[in-house]
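Data first, discussion second: the structure below is written as structure tokens.
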Amino acid sequence: MSADRETNHTMTDRDIAFLLADAADEVEIGIAPYQAVIRGGRRRRARRWALATAAALVITGASGTLALASLRDTGGSEVTPAVSQKPTRPSTPEERHVYVPQETMLGTGTDKGKDWYVTVDVWGAPRTKAEAQAQLTAMSIRGDEPWDKDNASALIGKVTYFVQQSYGSGDPTFLMGDSASPQDTMAGTDLKSGASTLDPKKTGGPQRLVVGQVAKTARTVQCTWKDGTSTEAHRVASGADVNSDEATIRPAAGSPDNWFVCVAPEGTSFDSVKVTK
């Protein structure tokens, strides 16, 4: 299967008009074929993760705090620092990737003569209910079905992502996904990950594939396997090539967090994962 699978999803103004018309008619989308998993977040907010049946959810986190400091002059009076002009925020849904996601290749390799890929689709945050309903329709057309499909308002102000894995000539298989505010970013050693079989058709096989999110500051993630060995994923720069069977941490277009992928050697499976640097 080509690594450039269906990456050209340009939508015309007419396409968007149809989506918005459908949104006005409150188009109903079918039931999502995956389950929701509840997790307690760093900010004690319930966060939903959807994972494929064969995946195992792993959550490791550390409390994070945001410190805000003010400036004072020599007399002890508080002063307001000069604020530089901010760049203009994207205004249209198309510029914000509300109707067409940004797709990033997270990892690739070869197993038993078959190529495998892991990609993530990141959908921009809609600002209105009409944008959110049109986004749901666009997601359905693409095959990305969120768990809040019956409540478009739940997606307003949130970035939504879907991680998919491909193996051999088979169709891409959903691995995991989430919706979150762009401001709800990870920090320190915070980590969210899912482990799955490398070949999604072999649901009872060893969970060799590990995919997850970490803070932008994370430099190394250690994946430990049941045979006692481990693999380290190291951070690479934006735009770095995705090399075969290389464990890396990399940014994904539109995502407030970085992502990592590592694969266990044949004959063993996932045991634990943590941010080490």
Original post:
Is a side-chain N or O of T231 found less than 3.5 angstrom from the main chain of C223, in a donor-acceptor match?
Top reply: no
Original post:
Under 3.5 Å, is there a donor-acceptor pair between the S230 and T224 side chains?
Top reply: no
Original post:
With Q164, which of V120, V118, D144 fulfils side-chain contact (heavy atoms from CB on, under 4.5 Å)?
Top reply: D144
Subject >> Check: R127 main-chain N/O paired with E131 side-chain donor or acceptor under 3.5 Å >> reply: yes
Subject >> Reported CG-to-OG1 distance for the pair D178 and T160, which is rounded to 0.5 angstrom >> reply: 8.0 Å
Original post:
Taking atom CH2 of W259 and atom OG1 of T119, what is their separation to the nearest 0.5 Å?
Top reply: 10.5 Å
Original post:
Under 4.0 Å between a Lys/Arg side-chain N and an Asp/Glu carboxylate O for K112 and D199?
Top reply: no
Subject >> Candidate pair L191 and V273, rule side-chain contact (heavy atoms from CB on, under 4.5 Å), full reasoning >> reply: CA-CA 9 Å; L191 181 150; V273 61; 3.8 Å; yes
Original post:
Has the side chain of Q222 got a donor or acceptor atom that lies under 3.5 Å from a matching backbone atom of E232?
Top reply: no
Original post:
Does the pair V211 and L209 meet the rule for a side-chain contact (heavy atoms from CB on, under 4.5 Å), with working shown?
Top reply: CA-CA 7 Å; V211 183; L209 175 66; 4.0 Å; yes
Original post:
Do side-chain atoms of T92 reach the backbone of E95 as a donor and acceptor pair under 3.5 angstrom?
Top reply: yes
Original post:
Does a side-chain heavy-atom distance below 4.5 Å link Q213 with Y161?
Top reply: yes
Original post:
Under the side-chain contact (heavy atoms from CB on, under 4.5 Å) criterion, do T110 and W116 qualify, and how do the steps go?
Top reply: CA-CA 6 Å; T110 303; W116 60 265; 5.6 Å; no
**OP:** Would you name the heavy atoms of S244 and G109 that are closest together and state the gap between them?
**Re:** OG-CA, 3.5 Å
**OP:** Provide the closest heavy-atom pair for K226 versus F270 in the form atom of the first, atom of the second, distance.
**Re:** CE-O, 3.3 Å
**OP:** Keeping the roles fixed (side chain from S166, backbone from Y117), state whether a donor-acceptor pair exists under 3.5 Å.
**Re:** no
**OP:** Return yes if some donor-acceptor pair links the side-chain N/O of D184 with the main-chain N/O of S181 below 3.5 Å, else return no.
**Re:** no
Subject >> Pair D121 + R142: basic N to acidic O under 4.0 Å >> reply: yes
Subject >> Atom of T268, atom of A264 and distance for their closest heavy-atom approach >> reply: CG2-CB, 4.0 Å
Original post:
Nearest heavy-atom pair of V159 and A125: which atoms, and what distance?
Top reply: N-CB, 4.1 Å
Subject >> Closest contact, heavy atoms only, V210 versus W225 >> reply: CG2-CZ3, 3.8 Å
Original post:
Counting N and O atoms only, with roles assigned by atom type, does the side chain of Q165 sit under 3.5 Å from a partner on the main chain of T197, one being a donor and the other an acceptor?
Top reply: yes
Original post:
Is there a donor-acceptor contact under 3.5 Å from the side chain of R250 to the main chain of D241?
Top reply: yes
**OP:** May I ask you to decide whether K192 forms a salt bridge with D257, counting only side-chain N to carboxylate O separations under 4.0 Å?
**Re:** no
Subject >> Polar side chain donor-acceptor pair, D115 to Y167, under 3.5 angstrom >> reply: no
**OP:** State, yes or no, whether a side-chain contact exists between M139 and F162 at a heavy-atom distance under 4.5 Å.
**Re:** yes
Original post:
Checking R235 side chain against V221 main chain: does a donor-acceptor pair fall under 3.5 Å?
Top reply: no
Original post:
Mind checking whether L136 and L155 have side chains closer than 4.5 Å, heavy atoms only?
Top reply: yes
Original post:
Would you say the side chain of L198 lies within less than 4.5 Å of the side chain of V263, judging by non-hydrogen atoms?
Top reply: yes
Subject >> Distance (rounded to the nearest 0.5 Å) between Q102 CD and S255 OG >> reply: 10.0 Å
Original post:
Under 3.5 Å, is there a donor-acceptor pair between the side chain of T248 and the main chain of H234?
Top reply: no
Original post:
Looking only at heavy atoms, what is the nearest atom pair of V214 and V275, with distance?
Top reply: CG1-CG2, 3.7 Å
Original post:
From S196 OG over to F174 CZ, what is the distance, rounded to the nearest 0.5 angstrom?
Top reply: 11.0 Å
Original post:
Which distance, rounded to the nearest 0.5 Å, do you find between the CG of D271 and the CG of D227?
Top reply: 9.5 Å
